[in-house]
There are 2 protein chains.
Amino acid sequence: MRIGELSRITGVDIETIRYYEKLGLMPRPDRSPNGYRSYRPEHLERLSFIRHCRALDVPLTEIGRLLDFVARPAADCGDIDQLIDQQLTRVRARLKSMRALEKQLAALRTRCGRPHDAAACGILQELVAAAQGEACACHGNTSWTIGGRAASR
Amino acid sequence: MRIGELSRITGVDIETIRYYEKLGLMPRPDRSPNGYRSYRPEHLERLSFIRHCRALDVPLTEIGRLLDFVARPAADCGDIDQLIDQQLTRVRARLKSMRALEKQLAALRTRCGRPHDAAACGILQELVAAAQGEACACHGNTSWTIGGRAASR
DNA sequence: GAAAACCATGGAGCGGCTGCAGGGTCAAGC
DNA sequence: GCTTGACCCTGCAGCCGCTCCATGGTTTTC
């Protein structure tokens, strides 16, 4: 099977497949006489495994480690355990901060009712005030300019 | 105030401050005769604003847009509204998928009890099986190798 | 007067792709 | 036989939001 077919079946972009090969996550496939990559069912399997792990947000380096475990069935399983634990911890931490973030954004959203000038916009006022309260309770500049415009963008 | 002090007050890395300047988010400060950047309170304010938005996970490009609104108080507020809405939608979508992810990882975690060979590890078995079920119910290879090792990593 | 702390610039690197330039290969239709 | 279009190749640049580094100048402290 050529790379296009593999891509269609798995839903993985062609460039991404080649990228995985370059990283060494996918084994180098045989080549047809014309130089085209020629994949076998095992490649499909392996690519599916990688994508499944990516869907679980496992970094590519750790997927590499998992694949090593798969290759050495006698290895101790504790490391796999730990890897999943780490991932779970990461996800839970991120989840926590995102929940807080959602709350803040939702609160911010309610500050802006119907159309009006930006000068009167509760959202902007809130953002500016929060920033001022955060970093410098010291100098109390409450102007609307926040330090003027940048030179060029 | 020099860049180091600004960095200390705001907790923003020096390199990051210079980066924001390069992007045009921070206005170019005056320079001392020796070439050092010389910041005024407005810069502090503006940097705080940027960081506050970043803490809300607002992308730098959108922070730029917000700063534009701040500079043009007469602009219509609907766009700000929309910007926050978009952000909220993004965050909620991400939250949803992360909750699903946490569930999957937690389930995976319970599959591995005490120490044992990787060959018998429920986590790996689960991952491999899930990947196989996902992409190819068609060829049914259930070997443990997932397409062999890559050439080199 | 030496050492340490501070500042400058420009550029590379991170992860995980994605896109593009500039080519080669192959099958179908005229 | 020739064009069109789909497919494939390699290698390299770009995305985001920083972070780090090399190399060199300046200021402060002991």
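Numbers restart at 1 for each chain; the letters A, B, ... are given by sequence-line order, proteins then strands.
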Expressed as a whole number of angstroms, how long is the span from B:Arg90:CZ to D:dC16:C1'? 12 Å

Please report, rounded to the nearest Å, how far the P atom of D:dC16 is from the CG atom of B:Leu25. 12 Å

Mind calculating the distance between CG (A:Leu6) and P (D:dC9) to the nearest angstrom? 11 Å

If I take atom CD1 in residue A:Ile14 and atom P in nucleotide D:dC7, what distance separates them, rounded to the nearest angstrom? 8 Å

Reading nucleotides 17-23 of chain D 5' to 3', which nucleotides get B (base under 4.0 Å from a protein heavy atom), which S (sugar-phosphate only), which -? BBBBB--

Is any side-chain nitrogen or oxygen of A:Arg31 closer than 4.0 Å to OP1 or OP2 of D:dT10? yes

Can you name the salt bridge (Lys or Arg N to Asp or Glu O under 4.0 Å) partners of B:Arg94, sequence neighbours left out? A:Asp57

Starting from B:Tyr36, can I reach B:Leu44 by hopping between I/L/V/M/F/W/Y residues whose side chains sit under 4.5 Å apart? no

With sequence neighbours left out, the residues meeting side chain to side chain donor-acceptor pair (under 3.5 Å) with A:Tyr19 are none

B:Arg90 meets the salt bridge (Lys or Arg N to Asp or Glu O under 4.0 Å) criterion, sequence neighbours left out, with B:Glu62

Please collect all salt bridge (Lys or Arg N to Asp or Glu O under 4.0 Å) contacts where either partner lies in residues 97-106 of chain B, sequence neighbours excluded, each pair once. A:Arg92-B:Glu102

What pairs of residues pass the salt bridge (Lys or Arg N to Asp or Glu O under 4.0 Å) test when at least one of them lies in residues 2-16 of chain A, not counting sequence neighbours? A:Glu15-A:Arg18

Residues forming a side-chain contact (heavy atoms from CB on, under 4.5 Å) with B:Asp85, sequence neighbours excluded: A:Arg109

Going 5' to 3' along nucleotides 24-30 of chain D, which nucleotides have protein heavy atoms under 4.0 Å from the base (write B), which only from the sugar-phosphate (write S), and which from neither (write -)? -BBS---

For the side chain of A:Thr10 and the backbone of A:Leu6, is there at least one donor-acceptor N/O pair under 3.5 Å apart? yes

Contact interval (first through last nucleotide) of DNA chain C with protein chain B, 4.0 Å heavy-atom: C:dC6 to C:dT9

Which atom names give the shortest non-hydrogen contact between A:Arg46 and A:Leu25, and what distance separates them? NE-O, 2.7 Å

Partner of A:Arg37 by side-chain contact (heavy atoms from CB on, under 4.5 Å), out of A:Met1, A:Arg31, A:Met26: A:Arg31

Sequence-distant partners of A:Tyr39, ring pair (Phe, Tyr, Trp, His ring centres under 6.0 Å), two or more places apart: A:His43

